[in-house]
Amino acid sequence: MKKRYQHPINILENISGKLFLLIIPILRTLIYVIIHGEFAGWLQGAWLDLLVVLVIIGSGGYRGGFFRFRYSEKGLWVYKGILCTAVLFLPKEQISYLSRQEPWYLRPMRAVKLQADTDGGGKHTYDVTLTLTRKESVQMIDTLFSTRLEPVEERYQAKTGRIFLYALLNTNNLSGLLYFAAGLTTAIRLFGRQLEDFMRESVRRTAEFFSNSLSPVFAVLAAIVLLFWAGIFLAHLFYLLRFRCRRSQNVLRLSCGLVSQHHTHMMVSRINSVTLVESNLSRIMGMGYATLRCSGYGKRDGTNNLLVPSCSLLELRRETSTLLPEWQETPNQLNPRRCVWRYLGFPAIFMGVVTALALISGLLVDGIGATLWLVWGLFWLPMSWLFWLRWRGYRHAGVGEKDGWVTIRTMKGYRLTTTMVHRDRIVMVQLRQSPFQKRTGQCDVIFHIYGEGRNRIVLPGLYKTQAKEFLLQIGILMPTDE
């Protein structure tokens with residue numbers, strides 16, 4: 001195939017960083033027309049402004065003329081450079097990810113953005129980004145991934161309600177607002193009339209203060225914050241609407257988008273890991289979602305590596321195993337059952353210290369009982385919540401292996417994760433010990449997963465001897481490793 005050029009709109013993309021230089025000619029034109037009231041006079045002395053415009057547009061066309069590409073069943077070639085030329089070749093077997101994005105502003109011109117990525121590229125940028133016609137992009141994907149030759153084996157289409165729920169629970173810190181509301185309701189129920197009267201008095205004084213001085217400012221700030229969150233939520237929702245997934249032999253195809261459409265193609269054999277995620281709120285509702293790690297996917301888009309949006313845990317595992325039956329989830333064979341203090345130590349100590357201080361202060365100082373227990377409750381509630389979360393993480397944590405597939409269950413932040421990865425994709429394992437862990441023989445096992453950037457999973461609270469025996473058994477450590 002002969003070398004091809006990108007879509008003509010790429011000329012404007014090349015000069016997008018220089019458009020600010022057009023401000024001076026535009027202002028000169030407006031000022032002249034407003035003052036003199038004629039346009040013909042400006043044209044007679046506008047040679048400098050026109051020259052600037054032609055130079056800017058010419059530079060974009062010049063760059064586009066020296067950026068060409070071609071593709072075949074062997075791979076993708078990209079030729080770029082003016083004085084110093086370079087040829088970039090992506091072999092077909094090494095391409096992990098191909099994406100065809102149709103932004104709303106390019107659709108009238110029938111142009112799309114095509115991105116290609118491999119395991120050898122950068123963490124934040126694609127290996128190749130091209131602006132093509134829609135027809136050209138479809139032909140390229142069909143040639144490199146042979147998508148039209150492979151029948152569709154499995155399909156999945158997310159319901160709109162699940163997409164809405166996923167976007168709602170994963171937009172900024174909405175969970176924090178709901179936790180605060182739940183904690184406040186619990187505090188009122190525990191402390192009764194006293195806390196309710198205290199809050200009413202505080203709200204009255206706060207409202208009086210704001211009404212006298214800062215109410216307009218805070219009202220505007222609150223409106224801005226709310227509108228900002230709503231804008232992010234709607235953008236995330238519109239990006240993920242019409243989310244659907246199809247499996248064709250070794251190609252996984254994902255599509256989504258309401259205003260701007262996005263079509264992603266990934267080689268199944270080059271997917272590094274699959275993770276089932278249960279956040280706090282989704283766990284209460286008995287729901288979760290699935291993500292996957294593949295070079296290029298989720299790099300600069302709004303998918304967050306999504307594979308299956310919010311659904312029940314049973315359906316989540318069924319849909320994941322249907323789309324990717326190679327990824328096998330195994331039960332825990334090694335868990336931190338005798339290392340409960342590693343998970344619950346911090347909240348337990350904090351709760352004990354706060355309780356002791358409250359009791360001592362109540363005995364030594366008279367007349368502060370009500371206020372003291374109110375402060376104690378405000379500290380106790382979040383620590384109780386943290387204690388419960390850590391207890392869930394402790395019961396969930398562990399690692400298992402079967403037929404080369406390793407399942408790692410751990411707690412990341414406030415989310416329970418179940419990661420399925422093949423043994424060959426684990427590139428390094430660390431056994432980390434703190435001074436306190438050395439005395440008890442415990443350690444934290446850190447699994448480093450193959451892929452772009454830093455991708456590691458920390459499993460805390462295992463005994464070092466048991467962890468080494470397990471890693472030797474599944475073939476990650478050698479008998480000579482210390």
Side-chain angles (χ1 to χ4, degrees), residues 3-7 9-17 60 63-64 66-72 74-81 85-107 111-134 136-145 147 235 239-240 245 250-257 260-273 291-307 449-455:
K3 300 176 184 178
R4 298 174 178 266
Y5 295 94
Q6 298 186 74
H7 193 281
I9 196 64
N10 181 248
I11 297 177
L12 296 181
E13 294 178 339
N14 291 334
I15 65 175
S16 59
R63 289 180 56 189
F66 285 89
F67 191 104
R68 295 166 294 173
F69 68 94
R70 67 183 181 93
Y71 58 92
S72 68
K74 295 182 179 180
L76 173 63
W77 289 263
V78 175
Y79 305 85
K80 56 184 178 180
T85 60
V87 179
L88 175 64
F89 174 60
L90 303 183
K92 176 182 177 180
E93 296 78 11
Q94 301 300 325
I95 298 178
S96 306
Y97 168 92
L98 281 176
S99 173
R100 179 168 56 90
Q101 300 187 10
E102 302 180 15
W104 59 270
Y105 56 87
L106 292 181
R107 294 176 69 180
V112 300
K113 302 289 291 186
L114 187 138
Q115 290 100 7
D117 210 5
T118 65
D119 292 335
K123 179 181 179 180
H124 302 290
T125 58
Y126 298 102
D127 293 343
V128 174
T129 300
L130 302 173
T131 304
L132 310 173
T133 62
R134 186 182 295 113
E136 184 78 46
S137 64
V138 172
Q139 291 178 351
M140 180 183 295
I141 294 175
D142 291 342
T143 301
L144 295 176
F145 276 1
T147 54
Y239 191 99
L240 293 176
C245 182
N250 195 37
V251 178
L252 186 67
R253 292 184 277 183
L254 304 176
S255 301
C256 62
S260 300
Q261 299 181 0
H262 309 269
H263 307 274
T264 300
H265 300 72
M266 290 174 286
M267 299 296 291
V268 175
S269 58
R270 306 196 70 83
I271 296 177
N272 299 319
S273 62
T291 63
L292 62 85
R293 285 273 187 170
C294 181
S295 296
Y297 186 50
K299 180 174 290 187
R300 299 183 66 182
D301 54 34
T303 57
N304 295 331
N305 305 99
L306 186 64
L307 175 62
I449 310 301
Y450 180 83
E452 296 177 322
R454 186 183 187 186
N455 183 16

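Just so you know, residue 1 is the first one in the sequence shown, and it goes up from there. Computation of the quantities below employed the complete heavy-atom set of this structure, encompassing side-chain atoms and omitting hydrogens, waters and symmetry-equivalent molecules.
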Next on the checklist: Please give me the minimum heavy-atom distance between Y239 and H262, naming the atom from each residue.
Outcome noted: CE1-NE2, 3.1 Å
Next on the checklist: Run the side chain to side chain donor-acceptor pair (under 3.5 Å) test against T133 and tell me which residues pass, sequence neighbours left out.
Outcome noted: none
Next on the checklist: Can you tell me how far apart CG (L307) and CD1 (I271) are? Round to the nearest 0.5 Å.
Outcome noted: 7.5 Å
Next on the checklist: Measuring from atom CG of N10 to atom CG of L130, what distance do you get when rounded to the nearest 0.5 angstrom?
Outcome noted: 8.5 Å
Checklist entry - For the side chain of T264 and the backbone of S99, is there at least one donor-acceptor N/O pair under 3.5 Å apart? => result no
Checklist entry - Is there side-chain contact between E102 and H263, with at least one heavy-atom pair below 4.5 Å? => result yes
Item to check | Heavy-atom check, side chain of F69 versus side chain of L132, under 4.5 Å | outcome: yes
Item to check | Nearest heavy atoms of S260 and P103, plus distance in Å | outcome: OG-CA, 3.5 Å
Item to check | T131: partners by side chain to side chain donor-acceptor pair (under 3.5 Å), with sequence neighbours left out | outcome: E13, K113
Item to check | Partners meeting ring-ring contact (aromatic ring centres under 6.0 Å, His included) with F89 (sequence neighbours left out) | outcome: W77
Checklist entry - Side chains of Y97 and R270: do they bring a donor and an acceptor to under 3.5 Å? => result no
Checklist entry - Any side-chain heavy-atom pair from E93 and M267 closer than 4.5 angstrom? => result no
Checklist entry - Residues in salt bridge (charged side-chain N to carboxylate O under 4.0 Å, His left out) with R293, at least two apart? => result none
Checklist entry - Sub-3.5 Å donor-acceptor pair from the side chain of Y297 to the main-chain atoms of L306, do we have one? => result yes
Item to check | Heavy-atom check, side chain of H7 versus side chain of E136, under 4.5 Å | outcome: no
Item to check | Rounded distance [0.5 Å steps], CZ in R100 versus OG in S255 | outcome: 7.5 Å
Checklist outcome for this item: Closest heavy-atom pair, S96 versus D119, reported as atoms and distance to 0.1 Å, is OG-OD1, 3.4 Å
Checklist entry - Can you find a pair of side-chain heavy atoms, one from L76 and one from M140, that are under 4.5 Å apart? => result yes
Checklist entry - In chain order, what residues pass the side chain to side chain contact (heavy atoms under 4.5 Å, CB included) check against D127, with sequence neighbours excluded? => result L90, D117, T118
Checklist entry - If you take all heavy atoms of Y126 and A116, which pair is closest and at what distance? => result CB-O, 3.8 Å
Next on the checklist: For R70 and Y79: C-alpha separation, side-chain torsions, deciding distance, then whether side chain to side chain donor-acceptor pair (under 3.5 Å) applies.
Outcome noted: CA-CA 9 Å; R70 67 183 181 93; Y79 305 85; 2.9 Å; yes
Next on the checklist: Could you check whether any side-chain heavy atom of N455 comes within less than 4.5 Å of a side-chain heavy atom of Y450, counting everything from C-beta outward?
Outcome noted: no
Checklist entry - Are the side chains of K92 and K74 in touch, meaning some heavy atoms are under 4.5 Å apart? => result no
Item to check | Contact summary for V112 and S137, nearest pair of heavy atoms | outcome: CG2-OG, 3.4 Å
Checklist entry - ring-ring contact (aromatic ring centres under 6.0 Å, His included) with F66: which residues, sequence neighbours excluded? => result Y62
Item to check | Side-chain (K80) to main-chain (A86) donor-acceptor, under 3.5 angstrom | outcome: no
Item to check | Heavy-atom closest contact (C245 atom, L252 atom, distance) | outcome: SG-CD1, 3.4 Å
